[in-house]
Number of protein chains: 2
Amino acid sequence: MVTINHIAKLAGVSTATVSNVINNKLGKISDGTRDRVLQIIKEEGYIPNRVASSMVTKQTKTIGLIIPDISNPFFPDLARGVEDFASENDYTVILCNSDNKLDKEETYIEMLQEKMVDGIIIAASRSRTTVSGELLNSRVPIVSIDRKIAELDDDAQVIVDNEEGVFQAVTYLLKKGYRNICHLSGPIELKTAKDRYSGFLRAYKEAGIEPMASHLHAGSYTTDWGYEISSQILSNRTDIDCFTCGNDLIALGVYRTLHERGLKVAEDIAVVGYDDIYVSNVVSPGLTTIRQPSYQMGYRAAETLINKIRTGQFIKYTLPLRAELIIRESTK
Amino acid sequence: MVTINHIAKLAGVSTATVSNVINNKLGKISDGTRDRVLQIIKEEGYIPNRVASSMVTKQTKTIGLIIPDISNPFFPDLARGVEDFASENDYTVILCNSDNKLDKEETYIEMLQEKMVDGIIIAASRSRTTVSGELLNSRVPIVSIDRKIAELDDDAQVIVDNEEGVFQAVTYLLKKGYRNICHLSGPIELKTAKDRYSGFLRAYKEAGIEPMASHLHAGSYTTDWGYEISSQILSNRTDIDCFTCGNDLIALGVYRTLHERGLKVAEDIAVVGYDDIYVSNVVSPGLTTIRQPSYQMGYRAAETLINKIRTGQFIKYTLPLRAELIIRESTK
DNA sequence: TTGAAAGCGCTAACAT
DNA sequence: ATGTTAGCGCTTTCAA
């Protein structure tokens, strides 16, 4: 293996000099030596060992990203945003899937700390509303994304206002004349799910209308659940004119139910999602949904984290990331 | 910062002993000391520095995963497969998005080598049919996934037979009576795209039927292109009874075109995709497609790589990963 | 502008 | 079963 020592000897200089060349320490090296060293580095195919340099600089230029599941369509965009900002800034990202399990999450957090990552971005599992003391007190900066964690600095959290998004949507629906809206929520113990439902309620309240009876069903953020629950509901009642869903996956389950029962989306029953994952624009009819700016969330989370690593300070953003109602054809 | 030294002093033992405890060297430590050391480690909240141990063991327990783009729905499952096998085996994965750009890919490869990853899994950019000499000769084992790279050992490539998959599908379509099938291919310079088209041709040939004129259109693996090209084709001719698409994204573009023109999928024109990404089962009508076992591909790639890292040998699999025709409602 | 040398935190070989 | 010590490849004072 070719090391800095090897290069130094061949170039007839010290390792310190080679190090300065590699790291572009300006003004510390004469053009002559720089060129000569560079030349030899090239000839020898020398690749600096960043593990060794991490030993002394105490930074790995690596961050950890813990998400529930990269195959959940909400997360790829987010991950991409993180990786983009990271790589633009010469950081590398380690991907971890926690499956929403606290123990997996803990294991990853420990692993990441052992690997001396410079920081961690976490879309915390639904069971986590708090971070363990060790992590909180550790040297590793942490940024929470999508889900709020109580102990963390507000500026260390990248979230969008879920309540506001659904409020917007339901207000729109009420204005359009929908009255019997059924809300298919994600796990209601989750902050995001709770907030989305609050938005639902507030829209009714501000419109001075009473929600219909049993308008809330809480389950999980999956197509399967959306399918099952909507199927079940429609077997029992016929008064519903719209489903607002905790996320797009659930909405797609409703699509399946309607399709199966020969009902037309929009024409017979309207459907509204949340997230605006890729699919929503591609199904027919296009799904009216509330767009979560997931790429930006990831990008901003990385920006926040790396800024913190560099400066010790969190960025204070003036513009919050906002959810946005995207009207397509699943409502009329 | 609490180090192994610190623990050793507190426990009144040597660092070697603490090291043996941490790494569970069996038979090298008495129960008494083990317990005492473990106790102190806990009390002090000691986290072993794996960067330091990597220095001496010459392995980082980290692999790199280079894919074109995690937001492309084909890759999350694959990435998940990689990460699952890796984490089960105590490896960590660094995620890199190359955007199909050779230069980004090169940069990542260099970065990964500098970070001393133990191996690399790469879904190579379309421009790459070969690996640079440095990489090939480097100490870093490399496994190619989805796309074949000439110089690599056959056992270091995790691919499925694309030709076979499409052959199956088109044979099925011809049997069903479809005759004027139009193939909307991905970038034809890509091996995968080429193979899929070959399967198309062979199906016709073995059926003793002549493909219709101008049945091939090559573009890119995107919904937008699928939309545009199908729209354009249908403006010019009315004889087409089926589109076979290079991937599901293209197929979804065709869905959009048909929808826009008031044409019914299946009833008026059949559509067949490739990959079986998540969406395909969720759109209405469900998309008939050729399933790429992407999770397994990722899982197997990681298995192959890590086995190579550990034993120096590639695994020889007896069962190839196969594409499988999934018949849904977009064909009749 | 360059070099000598200490030391980052750990493991492994060897000695006891 | 445990300790001593060299050394992994690099950066960073400090001195020249």
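Letters A, B, ... mirror the listed sequences (proteins, then strands); counts begin at 1. As the structure is a prediction and not an experimental result, all values here were calculated from the model.
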Under 3.5 Å, is there a donor-acceptor pair between the [X] and [Y] side chains?
X: A:T3; Y: A:N5; result: no
X: B:T62; Y: B:K115; result: no
X: B:D77; Y: B:Y278; result: no

Self-check item: Sidechain N-carboxylate O distance under 4.0 Å for B:R80, A:D99
Solution: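 Salt bridge: yes.
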Quiz item: Does the distance from a Lys or Arg side-chain N to an Asp or Glu carboxylate O, for B:D146 and B:K191, drop under 4.0 Å?
Solution: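 No salt bridge links B:D146 with B:K191.
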Practice problem: Scan A:T33 against the nucleic acid and name what it touches under 4.0 Å (heavy atoms): base, sugar-phosphate only, or nothing. | Solution: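 The residue A:T33 makes sugar-phosphate contact but no base contact.
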Practice problem: For B:G32, report the nucleic acid contact type (base, sugar-phosphate, nothing); a contact means any heavy atom under 4.0 Å. | Solution: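 Nothing: the residue B:G32, judged by heavy atoms under 4.0 Å, touches no strand.
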Quiz item: Any donor-acceptor pair under 3.5 Å linking the side chain of A:K104 with the backbone of A:C96?
Solution: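 Such a contact is absent between A:K104 side chain and A:C96 backbone.
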Exercise. Not counting sequence neighbours, which residues clear side-chain hydrogen bond (donor to acceptor under 3.5 Å, both in side chains) with B:N72? List them please.
Key: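 So B:N72 forms no side-chain hydrogen bond (donor to acceptor under 3.5 Å, both in side chains) with any residue.
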Quiz prompt | Residue pairs fulfilling ring pair (Phe, Tyr, Trp, His ring centres under 6.0 Å) with at least one residue in residues 84-106 of chain B, sequence neighbours excluded | solution =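 Of all non-adjacent pairs touching residues 84-106 of chain B, those that pass ring pair (Phe, Tyr, Trp, His ring centres under 6.0 Å) are B:F85-B:Y299.
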Quiz item: Going through the checks in order, is the side-chain contact (heavy atoms from CB on, under 4.5 Å) test met by B:I94 and B:M111?
Solution: CA-CA 11 Å; B:I94 293 180; B:M111 257 182 70; over 6 Å; no
Tabulate atom names and distances for all N/O pairs under 3.5 angstrom spanning the protein and nucleotides 9-12 of chain D.
residue : atom : partner : partner atom : Å
D:dG9   : OP1  : B:K58   : NZ           : 3.4
D:dG9   : N2   : A:A52   : O            : 3.3
D:dC10  : OP1  : A:Y46   : OH           : 2.5
D:dC10  : OP1  : A:N49   : N            : 3.0
D:dC10  : OP2  : A:I4    : N            : 2.3
D:dT11  : OP1  : A:N23   : ND2          : 2.9
D:dT11  : OP2  : A:S19   : OG           : 2.6

Pairs under 3.5 angstrom, nitrogen or oxygen only, protein versus nucleotides 14-16 of chain C, please.
none

Quiz item: Please, which pairs that meet salt bridge (charged side-chain N to carboxylate O under 4.0 Å, His left out) have at least one residue in residues 42-64 of chain B, sequence neighbours excluded?
Solution: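 Listed once each, the pairs are A:E114-B:R50.
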Quiz item: Given atom NZ of A:K115 and atom C1' of C:dC10, what is their separation to the nearest angstrom?
Solution: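 After rounding, the gap between these two atoms is 16 Å.
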Self-check item: Bend angle of the helix from C:dT1-D:dA16 to C:dT16-D:dA1, from helix axes over five pairs at each end, nearest 10°
Solution: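 For the helix from C:dT1-D:dA16 to C:dT16-D:dA1, the axes at opposite ends meet at about 30°.
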